[in-house]
Amino acid sequence: MEHTAKPAATSKRHPWLPVVAAIIRREKSVLLGLRPSGGSLAGKWEFPGGKIEIGEQPEIALARELKEELGIDAEIGPLRFSATHHYGEVGVIILFYEVNYWKGQPSPLHHSEVKWVLAEEIHKLQLPDANRNVLDKIVKLLK
Ligand code: DGT
């Protein structure tokens, strides 16, 4: 018997965006950025990072994003957590890397504001839904 592809199933697949995000630690605090008004997820506090470009290694993508968004030269540490989430039709897979070493002062080149947030204060802020499942683990890591 001949096997044929199923175009109907393929056409139902949603696009997935690979995203990298940084857990930038300073003692028991982590650096969060406020997403600017006008864009998607405006007013939410996020872990700095962004989309991986085609053909880019995740760590290289994160170092590039941290330079663009915060103006720092970061040494990307270990991959700690990953999370998946759907925003409507689009899925995101986020890889969270730890960053313990960087050069420069983090500045809000992209965000409306950046700030150091204590582990116990994180839950008081509004973060993207995509972070919900890993937030407790991140808080534990900081304590
Ligand atoms: P967009 O979403 O089309 O407005 O594009 P950008 O450039 O504002 O988004 P970008 O490059 O930051 O991509 C990250 C995507 O992942 C974006 O759709 C928001 C989502 N996301 C969810 N949680 C987080 C997080 O903690 N950090 C970052 N960087 N992105 C997150």
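Whatever order the structure lists them in is the order used to number ligands and atoms, beginning at 1. It should be emphasised that the depicted structure is a prediction, and the values quoted were computed from it without experimental measurement.
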Give me the residue, atom name and distance of the protein heavy atom closest to atom 21 (N) of ligand 1. I94 CD1, 4.0 Å
Over all heavy atoms of both residues, which pair between W116 and R25 is shortest? Give the atoms and the distance, please. CZ3-C, 4.0 Å
Do other residues, nucleotides or ligands put more than 12 heavy atoms under 6.0 Å from R80 CZ? yes
For the 3.5 Å polar cut-off, considering only N or O atoms, please tell me whether E69 and ligand 1 meet it. no
Atom 27 (N) of ligand 1: which protein heavy atom is closest, and how many Å away? F47 O, 2.7 Å
For G49, the ligand 1 atoms whose distance to one of its heavy atoms is below 4.0 Å: 12 (O), 29 (N)
Can an N or O of Y87 be found at a distance shorter than 3.5 Å from an N or O of ligand 1? no
On a heavy-atom basis, which atom in V92 and which in A130 lie closest, and how many Å separate them? CG2-CB, 4.3 Å
For atom 7 (O) of ligand 1, which protein heavy atom lies nearest, and how many Å away is it? K51 NZ, 4.0 Å
Tell me which protein heavy atom sits closest to atom 23 (N) of ligand 1, plus the residue, atom name and distance to 0.1 Å. N131 OD1, 3.2 Å
Ranked by distance from atom 15 (C) of ligand 1, the top protein heavy atom is V19 CG2, 3.7 Å
Taking the six-membered ring of W45 (Phe, Tyr or Trp), confirm whether the NZ or CZ of K124 is under 6.0 Å from its centre and within 45° of its axis. no
In the complex you have, is atom 18 (O) of ligand 1 within reach of the protein, judged by whether a heavy-atom distance drops under 4.0 Å? no
For atom 31 (C) of ligand 1, the closest protein heavy atom turns out to be E46 OE1, 3.9 Å
Let me know which of N131, L141, L79 forms a side chain to side chain contact (heavy atoms under 4.5 Å, CB included) with F96. N131
Looking only at heavy atoms, is any part of L17 under 4.0 Å from ligand 1, and if so is it the side chain, the backbone, or both, or is it neither? neither
According to the salt bridge (charged side-chain N to carboxylate O under 4.0 Å, His left out) rule, which pairs have a member within residues 42-52, sequence neighbours left out? R35-E46
Would you say the side chain of I122 lies within less than 4.5 Å of the side chain of L127, judging by non-hydrogen atoms? yes
Check R35 against ligand 1 and report side chain, backbone, both or neither, counting heavy atoms closer than 4.0 Å. side chain
Among all protein heavy atoms in this structure, tell me which lies nearest to atom 20 (C) of ligand 1, with the distance rounded to 0.1 Å. L41 CD1, 4.2 Å
Judged by atom type as modelled, is there a donor-acceptor pair below 3.5 Å linking the side chain of E68 to the main-chain atoms of E65? no
protein heavy-atom neighbour closest to atom 4 (O) of ligand 1 works out as S40 OG, 2.8 Å
If the threshold is 4.0 Å, N to carboxylate O, is there a salt bridge linking E56 and R64? yes
Side chain to side chain contact (heavy atoms under 4.5 Å, CB included) between V90 and W16: does it pass, once the steps are laid out? CA-CA 6 Å; V90 180; W16 277 88; over 6 Å; no
At less than 4.0 angstrom from any non-hydrogen atom of A130, what atoms of ligand 1 do you find? 22 (C)
Does an N or O from E65, backbone or side chain, lie closer than 3.5 Å to an N or O of ligand 1? no
